[in-house]
Amino acid sequence: QVQLVESGGGLVQPGGSLRLSCAASGRTFSMYNMGWFRQAPGKEREFVACITNSGITTYYADSVKGRFTISRDNAKNMMYLQMNSLKPEDTAVYYCAADQSLSAITIATSIVHWGQGTQVTVSS
């Protein structure tokens, strides 16, 4: 089992940056592939980025490629999402996710472990 807590959300102007953090409990963090999803009002939860348990491989949604960077520190049980060049359409609640299956970590309906979410608002 793993428990996840996100932090770092807030209000930022278009073009600005934010770094989200996800703190994981438990001694098995390095066994989990990790991901970020987001959900805007009235929309389905969508995949943003994921990173393999080793941290070697990352994947991004086309909408954030080149602007967002996912990373993790297994020694600290932490995962991060650096978000640059933010746009109003990035406004959403951002969720941290964990799954031992690499095929599942990009599919919201397949994931068992979720954080509570952190609000990101991009507005002038």
Side-chain angles (χ1 to χ4, degrees):
Q1 287 287 343
V2 61
Q3 293 183 327
L4 307 170
V5 179
E6 302 95 333
S7 61
L11 174 64
V12 62
Q13 292 187 342
S17 298
L18 278 177
R19 189 175 85 150
L20 305 183
S21 299
C22 174
S25 65
R27 296 178 291 176
T28 58
F29 178 69
S30 61
M31 294 175 61
Y32 287 88
N33 303 292
M34 300 294 296
W36 288 98
F37 287 72
R38 65 187 182 187
Q39 188 166 18
K43 295 188 176 181
E44 293 187 352
R45 192 169 296 188
E46 66 173 2
F47 169 76
V48 174
C50 68
I51 187 167
T52 55
N53 59 344
S54 65
I56 292 175
T57 305
T58 58
Y59 301 95
Y60 297 91
D62 288 343
S63 58
V64 306
K65 204 171 292 183
R67 299 188 298 122
F68 291 11
T69 302
I70 190 171
S71 62
R72 66 190 294 164
D73 185 337
N74 283 351
K76 296 181 178 179
N77 281 16
M78 294 292 295
M79 179 182 66
Y80 307 98
L81 186 68
Q82 178 67 43
M83 304 186 295
N84 299 329
S85 302
L86 282 161
K87 306 174 181 179
E89 51 264 43
D90 294 318
T91 295
V93 177
Y94 282 71
Y95 296 91
C96 171
D99 203 287
Q100 291 187 281
S101 168
L102 185 57
S103 62
I105 197 60
T106 62
I107 304 169
T109 53
S110 299
I111 292 170
V112 175
H113 303 289
W114 292 99
Q116 84 289 350
T118 185
Q119 177 71 47
V120 171
T121 302
V122 184
S123 175
S124 55

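When a residue number appears, it is its place in the shown sequence, counting from 1. Everything numeric here is computed off the predicted structure, so don't read it as measured data.
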Trainee: Are there more than 12 heavy atoms of other residues, nucleotides or ligands under 6.0 Å from atom CD of Gln1?
Mentor: no
Trainee: Counting only heavy atoms not in Lys43, do more than 12 fall under 6.0 Å of its NZ?
Mentor: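 Not buried by this count: 12 neighbours or fewer within 6.0 Å.
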Trainee: What about Tyr80 and Leu4, same hydrophobic cluster or not, with Ile/Leu/Val/Met/Phe/Trp/Tyr joined at side-chain heavy-atom distances under 4.5 Å?
Mentor: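 The answer is no; the residues belong to distinct hydrophobic clusters.
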Trainee: Taking all non-hydrogen atoms of both residues, which atom of Trp114 and which atom of Ala108 are closest, and how far apart?
Mentor: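 That would be CZ2-O, 3.4 Å.
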Trainee: Could you give me the CA-CA distance, side-chain angles and deciding distance for Thr57 and Ile51, then say whether side chain to side chain contact (heavy atoms under 4.5 Å, CB included) is met?
Mentor: CA-CA 6 Å; Thr57 305; Ile51 187 167; over 6 Å; no
Trainee: Minimum heavy-atom separation for Ile70 to Thr58, with atom names?
Mentor: CG2-CG2, 3.6 Å
Trainee: Using modelled atom types only, decide if a donor and an acceptor are shared between the side chain of Glu6 and the backbone of Thr118 within a distance under 3.5 Å.
Mentor: no
Trainee: Mind checking the OH-CH2 spacing from Tyr60 to Trp36? Nearest 0.5 Å is all I need.
Mentor: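 Going from the OH atom of Tyr60 to the CH2 atom of Trp36 covers 12.5 Å.
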Trainee: Assess whether side chain to side chain contact (heavy atoms under 4.5 Å, CB included) is satisfied between Tyr32 and Asp99, documenting all intermediate values.
Mentor: CA-CA 5 Å; Tyr32 287 88; Asp99 203 287; 5.5 Å; no
Trainee: Would you name the heavy atoms of Ser21 and Met78 that are closest together and state the gap between them?
Mentor: CB-CE, 3.8 Å
Trainee: Going from CZ on Arg45 to CD1 on Ile111, what distance comes out if it is rounded to the nearest 0.5 angstrom?
Mentor: 9.0 Å
Trainee: Examine Tyr94 and Ile105 and state if one hydrophobic cluster contains both, with Ile, Leu, Val, Met, Phe, Trp and Tyr joined whenever side-chain heavy atoms are less than 4.5 Å apart.
Mentor: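 Tyr94 does not cluster with Ile105.
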Trainee: How far does CD of Gln100 sit from NE2 of His113, to the nearest 0.5 angstrom?
Mentor: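 Output value for this atom pair is 7.0 Å.
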Trainee: Judged by atom type as modelled, is there a donor-acceptor pair below 3.5 Å linking the side chain of Asn74 to the main-chain atoms of Asn53?
Mentor: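 Confirmed, Asn74 side chain pairs with Asn53 backbone.
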Trainee: Identify the two heavy atoms, one from Leu86 and one from Leu18, that lie closest to each other, and give their separation to 0.1 Å.
Mentor: CD1-N, 3.9 Å
Trainee: Please tell me whether Val2 and Phe37 are part of a single hydrophobic cluster in this structure, the criterion being side-chain heavy atoms less than 4.5 Å apart.
Mentor: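 Different clusters.
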Trainee: Whether Lys87 and Asp90 form a salt bridge (side-chain N of Lys/Arg under 4.0 Å from carboxylate O of Asp/Glu) is what I want to check.
Mentor: no
Trainee: For residues Met31 and Met79: do they belong to one hydrophobic cluster (side chain heavy atoms under 4.5 Å, members Ile, Leu, Val, Met, Phe, Trp, Tyr)?
Mentor: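 Yes, Met31 connects to Met79 through the hydrophobic network.
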Trainee: Within this structure, what is the OG1-CZ distance for the pair Thr52 and Arg72, rounded to the nearest 0.5 Å?
Mentor: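 Between atom OG1 of Thr52 and atom CZ of Arg72 there are 7.0 Å.
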Trainee: Just verifying a value: how many Å separate Met34 CE and Asn77 CG, rounded to the nearest 0.5 Å?
Mentor: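 It is 9.0 Å, given to the nearest 0.5 Å.
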Trainee: Could you pull out the closest heavy-atom pair between Leu20 and Gly9, with the gap in Å?
Mentor: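 Scanning both residues, the minimum pair turns out to be CD2-N, 3.6 Å.
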Trainee: Under a 4.5 Å cut-off applied to non-hydrogen side-chain atoms, are Ile107 and Phe47 in contact?
Mentor: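 Answer no - side chains too far apart.
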Trainee: Can the positive tip of Arg38 be found less than 6.0 Å from the middle of the six-membered ring of Tyr95, inside 45° of the ring normal?
Mentor: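 No, Arg38 and Tyr95 do not form such a contact.
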Trainee: What's the separation between atom OG in Ser30 and atom CG in Asp73, rounded to the nearest 0.5 Å?
Mentor: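 Those atoms lie 11.5 Å apart.
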Trainee: Test side-chain hydrogen bond (donor to acceptor under 3.5 Å, both in side chains) on Ser101 and Ser103 and set out the steps.
Mentor: CA-CA 5 Å; Ser101 168; Ser103 62; 2.9 Å; yes
Trainee: Does atom CD of Gln82 have more than 12 heavy-atom neighbours, drawn from other residues, nucleotides or ligands, at distances under 6.0 Å?
Mentor: yes
Trainee: Taking all non-hydrogen atoms of both residues into account, name the closest pair between Pro14 and Ser124 and its distance.
Mentor: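 Closest heavy-atom pair between Pro14 and Ser124: CD-N, 3.7 Å.
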